[in-house]
Amino acid sequence: MTRDIAIGFVIYNPEDGFLDRVKMAIECDYQIYIFDNSPEKESIRKFSENRNGIKYFTTGKNLGLGLGISSVCAQAFYENKSALLFFDQDTIFNKDTLDCIEKYHFQRPELAATHSAIVFNAKRIEELDSGNCFKDVPLAINSGSLFYLKNLKKINWHSEKYFVDCVDYEFCFRSKMNGLKIGEYSCTPGFDHVTEQADKKYKIFGKHYLMRAYPSSRIIDVSKSSIKLIFTAMTSGQLAFSLNITKLFLIYIASQIVARFFNAVGEEKV
């Protein structure tokens, strides 16, 4: 039996572990939607050919994250799915993760009327029995998000005007402007957004931080996207939202400086 919740990905040269997770989700009877920004890598495209449970899309070139998420969500909506669970290609999850999210979705149907998305993660997994796993948040990342598709349609999906960076935050901004909330459930088992990342661990004043030195082209994209969203929020009268994005942008720039410094002096701590 195919489930009411679909699973979506936007991929660009994914590692081998991605395909293992797709196979697992298919075995659990989830409909999978894949938007491929790197079709030259044949493994995913060939695996998807004539296979039940996968809808595969590509334009033959990299059109970014915003267009990709919008495409998989819209396709799922028009195929009568109520929600789509989105994962980055390097986010690790398992059957327990999917079971937890599906159970929560059906236990809290009222959230579909008030929220555009619930982001699931494992930040407070040790507090599972405390009843403090859920809260509303001003900002959330895309990976691990359960998108309520009727509400996404109301706000015109994700914006294709943002290529990669700030796609998630711009979505949160338009959700807020349309009277919709973003929720966070932080007690999700099997969820790992760190292991397959290229981040390195650095020790600063006795504390460890995960960072990576991005190429200059990525830093430029983050800067342009952040500044654009900051001014959009300001001109819309959302000063608090603008300040939140400004804070995150300054933290990002600081992390790039620190990561480059430690790389230069060889002070990486793994």
Side-chain angles (χ1 to χ4, degrees), residues 2-3 5-81 83-93 116-117 141-147 149 152-153 155-171 174 193 196-198 212 214-226 228-229:
T2 303
R3 302 172 189 270
I5 296 175
I7 297 178
F9 303 93
V10 177
I11 63 173
Y12 184 80
N13 293 327
E15 300 295 333
D16 293 339
F18 167 74
L19 193 53
D20 292 334
R21 292 188 286 275
V22 170
K23 292 175 181 177
M24 180 267 294
I26 293 173
E27 291 173 357
C28 293
D29 294 321
Y30 284 93
Q31 177 68 57
I32 309 299
Y33 297 85
I34 298 175
F35 189 95
D36 192 352
N37 278 320
S38 56
E40 298 83 5
K41 186 171 183 176
E42 296 182 347
S43 58
I44 306 301
R45 176 162 47 84
K46 289 187 174 180
F47 174 82
S48 303
E49 288 178 357
N50 303 314
R51 185 177 295 272
N52 291 332
I54 295 185
K55 298 292 180 69
Y56 174 92
F57 314 92
T58 186
T59 61
K61 54 186 175 181
N62 186 2
L63 293 181
L65 184 60
L67 179 64
I69 299 181
S70 183
S71 298
V72 296
C73 287
Q75 189 66 37
F77 172 79
Y78 287 113
E79 293 184 357
N80 299 314
K81 301 297 183 182
L84 181 135
L85 178 58
F86 181 83
F87 290 110
D88 284 348
Q89 64 188 39
D90 51 10
T91 296
I92 297 173
F93 60 92
S116 59
I141 62 173
N142 287 315
S143 190
S145 289
L146 182 72
F147 293 117
L149 298 178
L152 263 64
K153 185 176 185 295
I155 66 174
N156 200 27
W157 314 106
H158 286 73
S159 175
E160 70 279 4
K161 295 179 181 179
Y162 289 76
F163 189 73
V164 174
D165 299 296
C166 288
V167 169
D168 41 12
Y169 298 152
E170 194 276 341
F171 169 78
R174 283 190 297 111
H193 192 62
E196 291 192 8
Q197 294 281 327
R212 82 179 84 169
Y214 284 100
S216 57
S217 58
R218 183 67 183 271
I219 296 175
I220 291 171
D221 185 60
V222 171
S223 300
K224 289 181 177 178
S225 299
S226 298
K228 178 180 178 181
L229 185 54

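Quick caveat: nothing in here was measured; it's all calculated off a predicted structure.
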Sequence neighbours excluded, which residues qualify as side chain to side chain contact (heavy atoms under 4.5 Å, CB included) partners of [X]?
X      : result
Asn142 : Leu65, Ile69, Phe86, Phe147, His158, Val167, Asp168
Glu79  : Tyr33, Lys55, Gln75
Ile220 : Lys224

Testing the basics here: between [X] and [Y], what is the closest heavy-atom pair and its distance to 0.1 Å?
X      : Y      : result
Ile26  : Gly53  : CG1-O, 4.4 Å
Ser143 : Thr91  : OG-OG1, 2.5 Å
Ser70  : Trp157 : OG-CB, 3.1 Å

- [ ] Decide whether Ser223 and Asp221 meet the rule of one side-chain donor and one side-chain acceptor closer than 3.5 Å.
- [x] no
Open item on the list: Once you measure the plane-to-plane angle for Phe93 and Phe87, does it fall in the parallel (<30°), tilted (30-60°) or perpendicular (>60°) bin?
Closed with: parallel
Task: Backbone of Glu40 reached by a side-chain donor or acceptor of Ser38 within 3.5 Å - done: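 It does not hold such a pair.
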TODO: Would you confirm whether Thr58, through its side chain, and Asp36, through its main-chain N or O, come within 3.5 Å as a donor-acceptor pair?
DONE: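 Side chain of Thr58 to backbone of Asp36: a pair is present.
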Could you state the interatomic distance from [atom1] ([X]) to [atom2] ([Y]), rounded to the nearest 0.5 Å?
X      : Y      : atom1 : atom2 : result
Ile54  : Arg45  : CD1   : CZ    : 13.5 Å
Tyr56  : Ile32  : OH    : CD1   : 15.0 Å
Leu229 : Tyr169 : CG    : OH    : 10.0 Å
Asn62  : Leu67  : CG    : CG    : 10.0 Å
Met24  : Tyr30  : CE    : OH    : 9.0 Å

Open item on the list: Using side-chain contact (heavy atoms from CB on, under 4.5 Å), reason through Ile11 and Lys41 one step at a time and then give a plain yes or no.
Closed with: CA-CA 11 Å; Ile11 63 173; Lys41 186 171 183 176; over 6 Å; no
Can you confirm whether [X] sits close enough to [Y] that some side-chain heavy atom of one is under 4.5 Å from a side-chain heavy atom of the other?
X     : Y     : answer
Gln89 : Asn13 : no
Phe77 : Leu84 : no
Ile92 : Arg21 : yes
Val22 : Phe9  : yes

- [ ] Before giving the answer on side-chain contact (heavy atoms from CB on, under 4.5 Å), spell out for Phe57 and Ser71 the whole-Å C-alpha distance, their side-chain angles and the decisive distance to 0.1 Å.
- [x] CA-CA 9 Å; Phe57 314 92; Ser71 298; 5.8 Å; no
Task: Leu149 and Cys73: CA distance, side-chain angles, deciding distance, side-chain contact (heavy atoms from CB on, under 4.5 Å) verdict - done: CA-CA 7 Å; Leu149 298 178; Cys73 287; 3.9 Å; yes
Task: Presence of salt bridge, Glu170 and Arg174, under 4.0 angstrom - done: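 Between Glu170 and Arg174 there is a salt bridge, with a charged N closer than 4.0 Å to a carboxylate O.
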Open item on the list: Test side-chain contact (heavy atoms from CB on, under 4.5 Å) on Phe47 and Ile34; report intermediate values, then the result.
Closed with: CA-CA 11 Å; Phe47 174 82; Ile34 298 175; over 6 Å; no
TODO: Taking atom OH of Tyr12 as the centre, report whether more than 12 heavy atoms of other residues, nucleotides or ligands fall under 6.0 Å from it.
DONE: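 Count not over threshold, so no.
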